[in-house]
Amino acid sequence: MAKILCVANTAFFIYNYLLGIIKELNKEGQEIILIAPEDEYAVLLESEGFRCIPLKELDRKGANAFKDLKLMMELYKIYKNEMPDLILHYTIKINIYGTFAARLAKISSICTVSGLGWLFTEKSIKTLIGGFLYKILYKIAFSIALNVVFQNRNDCEYFIENRLVDKKKVFLTPGPGVNTDYFSPEFCKDDEKDRDKCTFLLLARMLWDKGIGEFTGTARAVKRTYPFTEFWLVGPIDKENRSAIPEDKIKEWENECIIRYFGKTNDVRPFLRDCDAAVLPSYREGIASSLIEAMASGKPVITTDATGCRDVVEDGKNGFLVPVKDERALTDAIIKYILLSREDRKKMGKYSRQKALREFDIRIVIDTYRKIIHDAVGCKD
């Protein structure tokens, strides 16, 4: 049995994107210990039987060399105290400073790139400078890491082509994968509905770069012609994120009767059950988890032709692709879906399910990590 630390920038991230993987590894006999800033999701992880170590020095909002050094030293102390066989790092700062800390502690580590964040979605002098510095840090960290796992081909190719990672170290997974038993069409309704009474669901953190501004603009436009159409937002307000949407803005949209906001939830299946299609006009993703969950549930999806989003849609087969930040195109795609026959909608949903099973099943991801861990630590008693 190997002792493995799993480290991320939030317990929310571990609970929502890694729980299936770490539960399976734990079931196979690996001792999994979680490290993340303490929040309500840490309690949920502990209720699943995992030991959680709180991380106190992580500043998610920006780049501050002094704070980042404190983060690295905090991780180093934890690693030296725990002395695991292997460390799995997730999210930008953890990938970088966690890898540095692991090297200082002389412990093997693996990085997973689940998305490139605001440095690759915002365009300003500050982000260009920040992006340049982070590329240098990435290159150093990835030269130290045992392996680097990417969740989409575009990010993988970008890092290889820019010589930020050694191709021999790279593994590719279809995002975090989706539990196709837990997310299933059997849980979703199949009742008769009027064409213009569609419900469109956006599952995400309430961030501008998830395309929520475009989603609400589209809702406003569509409801002029199809007033009974509903647009739902489900997900937490991530106040620490630089792209966070103020709560007052969401209330303003609700007061206009443009959208319905349901807040955060630990089980998205009831919302998937009651929607007609899932929408995510994101600017960039690792792999859009909410969309592959919708696909596994037999729902069509509408998303952008962006990295980590285009991977899940075959345009016209299981949904529609639209250009990034193009509200008019998103509106046209929503209306196009509304005008589909009931039979065509069902065909799209069925193809979504088939694609999820074929390409995004969590078993594919677990097999990849199982191989990486076996190669890294062998079979430990």
Side-chain angles (χ1 to χ4, degrees), residues 3-14 17-18 22 32-39 41-42 52-122 126-127 129-151 155 158-159 162-166 169-171 238 240-243 286 372 376:
K3 182 178 182 180
I4 301 170
L5 303 185
C6 178
V7 195
N9 66 356
T10 60
F12 169 89
F13 181 94
I14 296 174
Y17 305 122
L18 305 178
I22 60 176
I32 308 293
I33 299 167
L34 311 177
I35 304 173
E38 194 168 15
D39 61 26
Y41 287 91
C52 299
I53 300 174
L55 194 57
K56 299 174 181 177
E57 299 294 347
L58 178 64
D59 176 19
R60 293 174 55 214
K61 287 189 176 180
N64 180 302
F66 178 70
K67 290 181 179 179
D68 292 342
L69 181 60
K70 288 178 70 177
L71 168 65
M72 185 177 74
M73 294 314 298
E74 182 186 16
L75 288 168
Y76 168 75
K77 290 175 183 176
I78 294 171
Y79 296 170
K80 287 295 286 184
N81 185 57
E82 294 292 331
M83 289 306 296
D85 298 294
L86 184 66
I87 306 171
L88 304 179
H89 291 129
Y90 295 84
T91 64
I92 296 174
K93 285 195 176 185
I94 298 299
N95 273 335
I96 292 169
Y97 298 106
T99 302
F100 294 162
R103 180 61 177 266
L104 287 173
K106 298 181 181 179
I107 301 167
S108 297
S109 65
I110 292 162
C111 296
T112 295
V113 179
S114 54
L116 300 182
W118 58 270
L119 289 170
F120 289 79
T121 57
E122 294 183 15
K126 184 178 179 180
T127 55
I129 295 171
F132 176 75
L133 293 174
Y134 268 97
K135 285 174 189 176
I136 294 172
L137 293 172
Y138 263 134
K139 185 169 185 174
I140 297 169
F142 290 172
S143 70
I144 296 169
L146 194 62
N147 292 110
V148 181
V149 180
F150 288 90
Q151 294 193 343
D155 288 347
Y158 177 87
F159 273 75
N162 286 275
R163 299 182 179 180
L164 300 175
V165 66
D166 183 346
K169 291 187 173 187
V170 166
F171 285 85
D238 188 357
E240 290 187 30
N241 194 295
R242 61 189 292 121
S243 183
I372 293 171

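The basis for the numbers below is simple: all heavy atoms, side chains too, and nothing from hydrogens, waters or symmetry mates.
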Worksheet entry | Working for side chain to side chain contact (heavy atoms under 4.5 Å, CB included), residues Tyr97 and Leu137 | CA-CA 9 Å; Tyr97 298 106; Leu137 293 172; 3.6 Å; yes

Using every non-hydrogen atom in the two residues, find where [X] and [Y] come nearest and quote the distance to one decimal.
{"X": "Ile372", "Y": "Asn147", "value": "CG2-OD1, 3.8 Å"}
{"X": "Ala42", "Y": "Cys52", "value": "O-SG, 3.8 Å"}
{"X": "Tyr158", "Y": "Lys135", "value": "OH-NZ, 2.7 Å"}
{"X": "Asn241", "Y": "Ser243", "value": "OD1-N, 2.9 Å"}
{"X": "Ala8", "Y": "Phe13", "value": "CB-CD2, 3.8 Å"}

[X] side chain near [Y] side chain, heavy-atom distance below 4.5 Å:
{"X": "Leu86", "Y": "Ser108", "result": "yes"}
{"X": "Glu74", "Y": "Ile78", "result": "yes"}
{"X": "Leu88", "Y": "Leu18", "result": "no"}
{"X": "Lys93", "Y": "Tyr134", "result": "yes"}
{"X": "Ile35", "Y": "Glu82", "result": "no"}
{"X": "Leu104", "Y": "Tyr79", "result": "no"}
{"X": "Leu71", "Y": "Leu55", "result": "yes"}
{"X": "Thr10", "Y": "Tyr41", "result": "no"}

Look up atom [atom1] in [X] and atom [atom2] in [Y], then write down how far apart they are to the nearest 0.5 Å.
{"X": "Leu5", "Y": "Ile33", "atom1": "CG", "atom2": "CD1", "result": "5.5 Å"}
{"X": "Ile22", "Y": "Tyr17", "atom1": "CD1", "atom2": "OH", "result": "14.5 Å"}
{"X": "Cys111", "Y": "Ile87", "atom1": "SG", "atom2": "CD1", "result": "10.0 Å"}
{"X": "Asp85", "Y": "Lys3", "atom1": "CG", "atom2": "NZ", "result": "8.5 Å"}
{"X": "Phe100", "Y": "Leu75", "atom1": "CZ", "atom2": "CG", "result": "12.0 Å"}
{"X": "Asp155", "Y": "Leu164", "atom1": "CG", "atom2": "CG", "result": "11.5 Å"}

Practice prompt. Say whether, by atom type as modelled, one donor and one acceptor occur between the side chain of Ser109 and the main chain of Ala102 under 3.5 angstrom.
Written response: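 A pair under 3.5 Å: no.
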
Worksheet item: Has the side chain of Asn95 got a donor or acceptor atom that lies under 3.5 Å from a matching backbone atom of Thr112?
Response: yes

Item to complete: Name the orientation class of the two ring planes belonging to Phe142 and Phe150 (parallel below 30°, tilted from 30 to 60°, perpendicular beyond 60°).
Response: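 Rings of Phe142 and Phe150: perpendicular, over 60°.
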
Discussion item. With a 6.0 Å cut-off (strictly less than), is the heavy-atom count around NZ of Lys169, excluding the residue itself, greater than 12?
Written reply: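 Yes, because the 6.0 Å sphere around NZ of Lys169 holds more than 12 heavy atoms from other groups.
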
